[in-house]
Every structure is written in C-alpha cells, then in structure tokens.
Amino acid sequence: MVAISRHWSRTVLSLCNRGFHSQLQPQNFVPFSQQQLQRNFLESQLVSLLHGCSDFNQLRQVHANIIRMGLDQCCFVLTKFIRVLTKFMVPMDYPRLVFDQVRRPNPFIWTALIRGYSLLGPFSEAVVLYNCMRKEGTRPVSFIFSALFKACGATHDFNSGRQVHCQTISIGGFVSDLYVGNTLIDMYVKCGFLDYGRRVFDEMMDRDVISWTSLITAYAKNGAMEVAGELFDRLPDKDMVAWTAMVTGYAQNARPREALRLFERMRDAGVETDEVTLVGVISACAQLGAEKYARWIRDVAEHAGLGPTTNVVVGSALIDMYSKCGSVDEAYQVFEMMMEKNVYSYSAMIVGFAMHGKADAAMRLFYEMVKTETKPNRVTFIGVLTACSHAGLVEQGRNLFGSMQGIYGITPSADHYACMVDLLGRSGHLEEAYELVKTMEIEPHGGVWGALLGACRIHGNPDIAEIAASHLFELEPTGIGNYVLLSNIYASAGRWDDVSRVRKLIRKKGMKKNPACSWVEASNGVIHEFFAADMTHPKSKEIKQALEELLERLKLAGYKPNLSSVVYDLSDNEKEQLLMTHSEKLALVFGLLTTSAGSSIRIVKNLRICEDCHSFMLSASGVTRREIVVRDNMRFHHFRDGLCSCGDFW
DNA sequence: TCCAGCACTC
C-alpha cells in the first residue's frame, strides 16, 4: 500500500471533506513513481529534522542539507523552514534570502514570509510584500490576513489596514473567519479606531471569548469601564483571561477597590489565577497603599506557586507595590530573593528607592545593574534622575543625563527632560532649567512645563511661572492643577489682583478644584477617608478637639503655622484656621486616636503635601514619638523624631 | 497557520 505520501493523505482528506467517500477506491489512485516516493520521503525527513532543531546552528545545517538534496525550489520544505526561523526569531534578512531564491513562490511560502515580518518586523514590509504578491497574481490564502492585520496594528497603519480589510470583503468569505475577525478587531483598536473594531465585532458571524476579550480590553484602556463591564456581563463563558482583562481594567483606571472586589468574585467562581491576573491585583493593592492588602496578595501569590523567587513578573510588581505601600525595605527583600532579575525588576527597585528619598541606594543599584547583562532603559533613567532630583544631586544628575545618549544609547525623551528641569529647578537653578527647555530638540510636553512651574512655586518666581503656565494652559486646557499652582505663586508674591484674575479664569472655564483627600489605615486594616475641611466622619468632633490639643503641644515645641501656604487673602487667624482643615492633618489625628502607641501611622494623599503640613508632621513625629509615613502623589516622606527622610527638600 | 489579559514612568 502507498502509505507514507503526503500527497496521498491530502487527496484522501480533501475527497472526504467534499463528501466523495465513494471515490475512495484503490483503483482511483495512480501509484506514485519510485522517484516521487523517494522525494516525498526526503521532504518529510527534512521537515521532521527542522522540527527537531533546538538552535540556530542546527537550522543552518538543515538548510545546507535542503540545498544539497536539490530541494532549494521546494516550497513545501522552504515554507516550513521559514516558519521555524520565525519561531526562533531569526532576523528577517535570512528568511528573505531564502524566499528570494525561489523562482515560483506558492501562496504558502508568501504567507510564511509575510507572517514573519508581521511578527518580527519591520512590520511595514508585510503590506509591501502582500502588494507584490497580489501584483504577481497569486491568490491569497485566508490566514495571510491575520498576519497583515497584526502588522498594521503594530505600525498603527490604519490606512493600509482598512485597505486590506476592504479587499477581504471584495474577495469574499474571509471576513467570516473567526481568527481573521479577531485580528481585525485588534488592528482597529490598536490604530485607535475602537468604533470600527466594535462594528467588526457586531458583524461577525461567530465570536469566541477572544473576540469579546479584545473588545473589553479596548474599552478598558479607553477608560470606558462601564461599556467594558456591560460586555463582560453579557459574555457567556468567561475564562481566566476575560476576568483578568476586567480586573486589570479597573486597576488601570484607578479603581483599585473594584478591581479587588472583582478578583474575589473571580475566585468565588472557581476561576484559576495566573501571573497576569496577579499582576493586575498587585497593582490595585499598590494604589491602595495599605499594608493589609500587601500582605494578603503576597500570600495569594505564594499560595499559587507564583512567588517572587521564581516569577520575575510577579516579583517586579511586588517590588513596586511594597515601595508604594511605604515598605521600601520589604521591596528590597523581594528584590534580593528573586532568582531572575530583568530591567523591570531593577527599574522598579530604583524608582522605589527614589520615591523614598534613598538616592544613594538608587545610584548604587544603578551602577550594580550596569555591570550585569541587563541594559538600563528609559524608565531606569527616569528612576535615577528622580532620585537625584529628590536628593538635590545636581552634578550627578547632569552627568547621568549627559551620558544617556553616548554611553547607553538612549535618546532623552520629554519625560527625561522633565526630570532634569525638576532637578535643576528644585535646586534653585531656575534660569538654567528654563534654558534647558528652550534648547530642547523635541517639543516640550506638559510634564516639562509642569516641572518648571512647580520649581517656580518653591523658589517664588512669578515671571518664569507665567511663561510656563501659558504653555500649560495650551497643552492641558483642562488641567486645573496648573491654574491653582499659578494662583498660589501669585499669592505667595502678594499679587492678589493676579490671584483673582486666575480664579476668574477657573470659574469661567467651569473647572472645579480637585478636592484634597487623605486616607489612613486604622489598626483593624479598615481604610478611612478624609477630605479637606471634612466634618462628615463619625468621629469628626473628637478629631477636631484632638487636633486643637495637638496644635497647642506642637506650638510649645516650636512649630509655627506656615501662613504663606494659604492662597487666600485672609487674616492670619483665618489662615491658621484654614490650615488646620487640611486632610492629612485630620488623617493624622484619626491615626493617633485609633492606633496603639508606638505603632507607625501611614497616610496616603492624592495631592502633594503642603509646606505647612510637612512641618506639622515633622513636629508631630517628635512630640508624639510616632513614626509617620506620608505618601503624596510624588513620593514618600518618613517622619521620625522631628526629621524627615526627604531632608526637607522635596 | 494565525487571535485576547501583562510588571517599572513627574
């Protein structure tokens, strides 16, 4: 019997598929020639050799064999070869060379090559080649389209993607292919045309959980959590990935509590947890900044066998979480126990040190990293530059910034300039900071001008502030913080007319001030929330009284209210009253009332801590003999015995 | 022979 030929088995298969079972009679098959059999045998031998390859050198040897056996025009074998090369992520020059030597490429080898480009890049080459293929009159096979849409998605090339999509419609049939449909949704979403993706989804004949999840993720990334949630509820068979997409969506949209609630529901539903799910939940815990949740999720991770020792992704997320929860020491413990460390782990740790004002540790780790195989990336530099900025290490920062391009091959981005402006401006080199902005080769973004404006606030420079603010008003017309900052700068300079001018502008634009808010964890792990001048908390009366008592004690110890922190034109007495309503002071007093003596108090604040609250905390940490940790939207302050980890420089 | 969720950024 003829048993080993692929042609034979293919013929049988296609006859079966078309319902011609009756033709499956031995007499209907022309026996293969001996030569053909020999060739088929060789081909299948080579293909199995290809699949057994474990490194690039072996692949080259098989290639040499293909040529030696005279199969250098055999599309069947070469297609497999190109696929394996792609799997090994061999740069596309090599597959291209192989392809270019084939005189009459068939649709499959075209597809393999195009797919290679769509996975490894240069992505734009995929569409170029596809057009060549069409010009030569080769009819595309359906699965070429998922490769093309992937490539267009990677380059955000909406026009090409749209064009190819229209062609699939005119060729007919392929749009109803589930895989093609899913990649098409993904392509439109990546190009920023969510509505087009939605339309494809709505028009698809059948959808699987992947189609739903693509769309859910897209809405979540757009901040449309309500739409995402609606889709999620309608999804009949939710799998781990779909659940994770929702959990992560809430975390990414700064809704950590909902993320945790959904994660609990997910576990109740008996869905498994993997590292991706965990990372989303860990990020939610990091946002809450509470020790209780940090401990809990660490246990969950260890329990699932996904602890930091063995899992680098979970480890890096945990480093970030512990840093943001105020436990930089614990973050470092995690870092040290990790068997594998990559650029994420190093960067997270460096950023963690920077946030806590441990500039020396950050720099040390950076130089340690440089000695390893792991190359620093743009985020790593954000970390070290921030560290310099928080510690006022101007010279070191200048050197690092200067070495980015030359030594590490990283072109400074606007974010890096923002760090430098922050460093220079904060340390009093306002003019130099402004000069740096003026000489930037790339367009400065809001972060750059924002850093300059912030520095003007510290050093009281309304003139440069006006310039920075005017750019900010254009770049971020709805950014209320910039207006508030400018008005504060005018207020500090006593320019009350300008203050009211800015206030009017705010009112005219219909903007509302972001309410200041602080959170503090009570001893039972429950988180309490305080807004500025908030009297809605059940214990408000006690808090107010305790605050007044504390104020008297602090004044005796030398604390003086910093009245210039108040941006309203009020009497000194009124200013002092107003300062006592700041949310972090309420949170502090609540913490003092509800936690046991000796334990530390952790406060998280949504805005930057003001100067008066900073000196209040300093004094309070000395008088009450408590450690106070405040996380504002920029960094951490550890107050102990009347001193702060930031060295009063922030 | 392809398709979904992913850690570090003032």
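Quick note: numbers below take in every heavy atom, side chains included, and nothing from hydrogens, waters or symmetry partners. Chain naming here is simple, since letters A, B, ... match the order of the sequence lines and numbering starts at 1 in each.
- Residue Val379(A) is classed as a base contact, given a heavy-atom separation below 4.0 Å to a base.
- Among the atoms of the strands shown, none is found under 4.0 Å from any heavy atom of Arg635(A).
- For Asp320(A) and dC6(B), the CG to C1' distance is 13 Å, given to the nearest whole Å.
- Among dC2(B), dA4(B), dT9(B), the nucleotide with an atom closest to any side-chain atom of Ser146(A) is dC2(B).
- Both tests do not hold together for Lys375(A) against Tyr408(A): distance to the six-membered ring centre under 6.0 Å, angle to the ring axis within 45°.
- Going from atom CZ of Phe232(A) over to atom C1' of dG5(B) covers 11 Å, rounded to whole Å.
- The NZ-P distance, from Lys341(A) to dA7(B), rounds to 21 Å in whole Å.
- Annotation for Phe108(A): atom CZ does not count as buried by contact number, only 12 or fewer foreign heavy atoms lying within 6.0 Å.
- Taking atom OH on Tyr250(A) and atom C1' on dC6(B), their separation rounds to 19 Å, with Å as the unit.
- Using a 4.0 Å heavy-atom distance criterion, Thr386(A) is classed as a sugar-phosphate-only contact.
- Distances from the side chain of Glu275(A) to the nucleotides dC6(B), dA7(B), dC2(B) place dC6(B) closest.
- Contact of Asp208(A) with dA4(B) (side chain to base): no donor-acceptor pair of N or O atoms is detected under 3.5 Å.
- Ranking dA7(B), dA4(B), dT9(B) by closeness to the Ser214(A) side chain, first place goes to dA4(B).
- Listed nucleotides: dC6(B), dC2(B), dA4(B). Nearest to the side chain of Thr213(A): dA4(B).
- Checked against the 6.0 Å centroid threshold, Tyr346(A) and Phe366(A) do not count as a close aromatic pair.
- When distances run from any side-chain atom of Met240(A) to the nucleotides dT1(B), dC2(B), dG5(B), the shortest one goes to dG5(B).
- Of the side-chain N and O atoms in Arg115(A), none sit less than 4.0 angstrom from OP1 or OP2 of dT1(B).
- Listed nucleotides dT9(B), dG5(B), dA4(B) differ in distance to Thr244(A); the shortest reach to its side chain belongs to dG5(B).
- With ring centers used as reference points, Tyr179(A) lies 6.0 Å or more from Phe145(A).
- Trp212(A) and Phe201(A) have perpendicular rings, their planes meeting at more than 60° on a 0 to 90° scale where under 30° would count as parallel.
- If you check dA4(B), dT9(B), dC8(B) against the side chain of Ile382(A), the one that comes closest is dT9(B).
- Close to dG5(B), at under 4.0 Å from its OP1 or OP2, lies no side-chain N or O of Gln252(A).
- A cation-pi arrangement is present between Arg199(A) and Tyr196(A), with the terminal nitrogen or guanidinium carbon under 6.0 Å from the aromatic centre and inside a 45° cone about the axis.
- When the P atom of dT9(B) is taken as reference, atom CE of Met355(A) falls 7 Å away, rounded to whole Å.
- For dC3(B), its base never sits under 3.5 Å from the side chain of Thr183(A) at any donor and acceptor pair.
- Regarding Lys238(A), its NZ atom lies at a distance of 21 Å from the P atom of dA4(B), rounded to whole Å.
- Contact check, Lys150(A) against dC3(B): a side-chain N or O comes under 4.0 Å of OP1 or OP2.
- Picking from dC8(B), dC2(B), dC6(B) the nucleotide with the shortest atom distance to the side chain of Lys221(A) gives dC6(B).
- For Asp208(A) and Ser211(A), the side-chain atoms include at least one donor-acceptor pair closer than 3.5 Å.
- Of the listed nucleotides (dC8(B), dC3(B), dA7(B)), dC3(B) has the atom at the smallest distance from the side chain of Leu119(A).
- If you check every strand for non-hydrogen atoms under 4.0 Å, Val351(A) touches sugar and phosphate atoms only.
- Atom-to-atom, OH of Tyr346(A) to P of dC8(B) comes out at 18 Å; the value is rounded to the nearest Å.
- Within the structure, every side-chain polar atom (N or O) of Ser316(A) is placed at least 4.0 Å from both OP1 and OP2 of dC8(B).
- The Cys419(A) side chain lies nearest to dC10(B) when the options are dA4(B), dC10(B), dC6(B).
- In this structure, CG of Asn253(A) is placed 14 Å from C1' of dG5(B), rounded to the nearest angstrom.
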